[in-house]
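Let me begin by presenting the structure, written as structure tokens, before commenting on it.
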Amino acid sequence: MPVLAPQTTDFPGWYQDVIAKAELAETGPVRGTMVIRPWGYAIWEHIQAHMDDRIKAAGAQNVYFPLLIPEGHLRREAEHVEGFSPELAVVTKAGGRDLQEPLIIRPTSETVFGEYLARWIQSYRDLPLRLNQWANVVRWELRPRLFLRTSEFLWQEGHTAHTTEDGAAAYTRQIHSDVYRSVLEDVLAIPVLTGLKTAAERFAGATSTLTCEGMMRDGKALQLATSHELGQNFARAFDITYTDEDGSVQLCWTTSWGSSTRMVGGVIMTHGDDAGLRLPPKVAPVQVIVVIVNHDPDVTAAAENLKLELARTGLRVRVDDRTDVGLGRRLTAWELKGVPVRVEIGPRELAQGTVSVARRDGTDRETVSLADAATAARDAVQSVHDALFAQATEALRSGTADVEDLDAAIEAASSGFARLPWAACGPEGERRLNGAGLSVRCLTTAEGSVPATADADDLYAIVARAY
RNA sequence: CGGGGAGUGGCGCAGUCUGGUAGCGCACCCGGCUGGGGGCCGGGCGGUCGCAGGUUCAAAUCCUGUCUCCCCGACCA
């Protein structure tokens, strides 16, 4: 009995259903905005914690900058304004009167950071300066979708300044692999393709953009995080300079990088199945749910003991003893919410000294002795991550077709990813792909690694439909 | 902005063609039975049918106007 619509025929509907039924989020009062509910936010908090640890390990410090940006700031970098102006929300009135200069609600903060990087950086000794902020931004989207593209969203944006182009490039790559790729694969169990954006897909104002692209279960691509080399564009526009060892005044090289609550959407669409969400254990708000079949002193005691034993090893455990709610309903609800491991304790089994352990990545439910329950549950939590990653990796592998020309790419990308020699595509081919509802998600080397530059020889284009 | 569709209890819908004073499922509340996969029986709360005007003895239903929302496309983390 599938709880949700079949995802193969109606993926968007299935996606919205999971979000609603698992009580993750709902639409906000303003079109395109989102209310994140406790379960969805708890998932996000775990993602955020893993991300924040890695950001700090990479040497960046957290700060907070203002929500409102004077319009003039944004205008200082020409390409940047042009890229963002259609989607800006602008405050023109405050304190009961019209403002002299309109205020932009930040769509991203390169421009304010630029202003302050310029003030804070005097000497080469101040570099590299590596800052990060957790904040909400607003981009007036024409076509919103919960978690994937909302007009207001929550994210992390890093902004750094370096003495050399190489230093900036190396740091961009460090963030890309040690923060983004690491969180996506090791925490969220989402395998990603990594590479460079084409000139057409690049961030407005960047000289180079690195991306992590995931494949969703319907074969469409989702951009999950980007890191930008900004060259000296913003340094020039905001006068971010320093005095070098030899006394000369130099322009900085800056970077920016971001990832958002979109990752929650990526988790849903990568791992979800017809029974609902399947959460990677590292971000599951509840990692083990211990369900009491019905009330009985022995059952309750066994459940509480198991909870304590598991909690002692650092697992997030909860006991569901709401026996006024039918068992079937409770089991279904935890499945919908994606809890990785479920232990069922009931009087019949318990009389024989056993309990049941079910893993959310498969349908099997195994019977184990009460004495082994804690070990079995703990092992199950660990193996759910690997199983989800393995399943998603296989989907990505089998969903990617190697092709030699544009027509074959267009054909293959109707149901998955196409890997095409960039020489057979180029900017003109890219326009044709766009006309067919496709895009070049990234450019990679033959081995699949991130190329040194987007105009290197022997590159491959990953072509797909995208969210 | 172009193309479709919808506004009726908290949610999802029927009723509109053919006018007669609002109904179903879910949820919620009460009582009981049940209890190893969304269980059963009984009782109950809750809606001036998006808004404004018109026709009529009578409007959710017909007419005019208006507002809003959703879906597909174009913009995008």
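So that the names make sense, note that chain A is the first sequence line, chain B the second, and so on, each numbered from 1.
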A:Arg329 vs B:G39: side-chain N/O to OP1/OP2 distance below 4.0 Å: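 Answer yes for this pair, as a side-chain N or O of A:Arg329 is under 4.0 Å from OP1 or OP2.
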
Is the closest basic N to carboxylate O distance between [X] and [Y] below 4.0 Å?
X: A:Glu229; Y: A:Arg202; answer: no
X: A:Lys220; Y: A:Asp218; answer: no
X: A:Asp324; Y: A:Arg322; answer: no
X: A:Asp407; Y: A:Arg432; answer: yes
X: A:Glu71; Y: A:Arg75; answer: yes

Separation of B:C69 P from A:Glu26 CD (nearest whole Å):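 To the nearest whole Å, that distance equals 17 Å.
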
Rounded interatomic separation in angstrom, taking CG from A:Asn294 and P from B:G39: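 Interatomic distance, CG of A:Asn294 to P of B:G39: 16 Å.
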
Measuring only the [atom1] atom in each nucleotide, how far is [N] from [M]? A whole number of Å is fine.
N: B:C30; M: B:C62; atom1: C1'; value: 44 Å
N: B:C63; M: B:G20; atom1: P; value: 15 Å
N: B:U8; M: B:C40; atom1: P; value: 28 Å
N: B:C13; M: B:G7; atom1: C1'; value: 12 Å
N: B:U48; M: B:G32; atom1: P; value: 33 Å
N: B:U68; M: B:C29; atom1: C1'; value: 33 Å
N: B:C67; M: B:G53; atom1: C1'; value: 14 Å
N: B:A60; M: B:G19; atom1: C1'; value: 10 Å

Runs of at least three Watson-Crick or G-U pairs with RNA chain B, cut-off 3.5 Å: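 Looking at RNA chain B, the stems formed by three or more consecutive pairs are B:1-7 with B:67-73, B:10-13 with B:23-26, B:28-33 with B:39-44, B:50-54 with B:62-66.
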
Under 4.0 Å protein heavy-atom contacts per nucleotide of nucleotides 70-77 of chain B, with B for base, S for backbone only and - for none: SSSSBBBB

Of all pairs that satisfy salt bridge (charged side-chain N to carboxylate O under 4.0 Å, His left out), the ones with a partner from residues 337-346 of chain A, not counting sequence neighbours: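 Passing the test, one end in residues 337-346 of chain A: A:Glu23-A:Lys337, A:Glu335-A:Arg342, A:Arg342-A:Glu344, A:Glu344-A:Arg365.
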
Quiz item: A:Arg365 side-chain donor-acceptor pair to B:G36 base, under 3.5 Å: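 Counting by modelled atom types and ignoring angles, no donor-acceptor contact under 3.5 Å is found here.
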
Donor/acceptor link under 3.5 angstrom from A:Arg330 side chain onto base of B:G36: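 When only heavy-atom distances are counted, A:Arg330 does not reach the base of B:G36 through any donor-acceptor pair under 3.5 Å.
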
Contacts of A:Arg76 that satisfy salt bridge (Lys or Arg N to Asp or Glu O under 4.0 Å) - sequence neighbours left out: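 Result, salt bridge (Lys or Arg N to Asp or Glu O under 4.0 Å) vs A:Arg76: A:Glu115.
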
Whichever of A:Asp324 and A:Ala333 has its nearest RNA chain B nucleotide further upstream toward 5':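 The residue whose closest nucleotide sits nearer the 5' end is A:Asp324.
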
All ring-ring contact (aromatic ring centres under 6.0 Å, His included) counterparts of A:Tyr116, not counting sequence neighbours: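 Here the qualifying residues are A:Phe65, A:Trp120.
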
From A:Thr198 atom OG1 to A:Arg441 atom CZ, the distance as rounded to the nearest 0.5 Å: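 Rounded to the nearest 0.5 Å, the OG1-CZ separation comes to 9.0 Å.
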
Sugar-phosphate only, base, or nothing, as touched by A:Ser259 at under 4.0 Å among non-hydrogen atoms: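 Result for A:Ser259 = nothing.
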
Sugar-phosphate only, base, or nothing, as touched by A:Gly326 at under 4.0 Å among non-hydrogen atoms: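 No contact at all - A:Gly326 keeps every heavy atom at 4.0 Å or more from the nucleic acid.
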
Sequence neighbours excluded - ring pair (Phe, Tyr, Trp, His ring centres under 6.0 Å) pairs with any residue from residues 178-230 of chain A: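 Residue pairs passing ring pair (Phe, Tyr, Trp, His ring centres under 6.0 Å), neighbours aside: A:His80-A:Phe203, A:Phe84-A:Phe203, A:Phe203-A:His228.
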
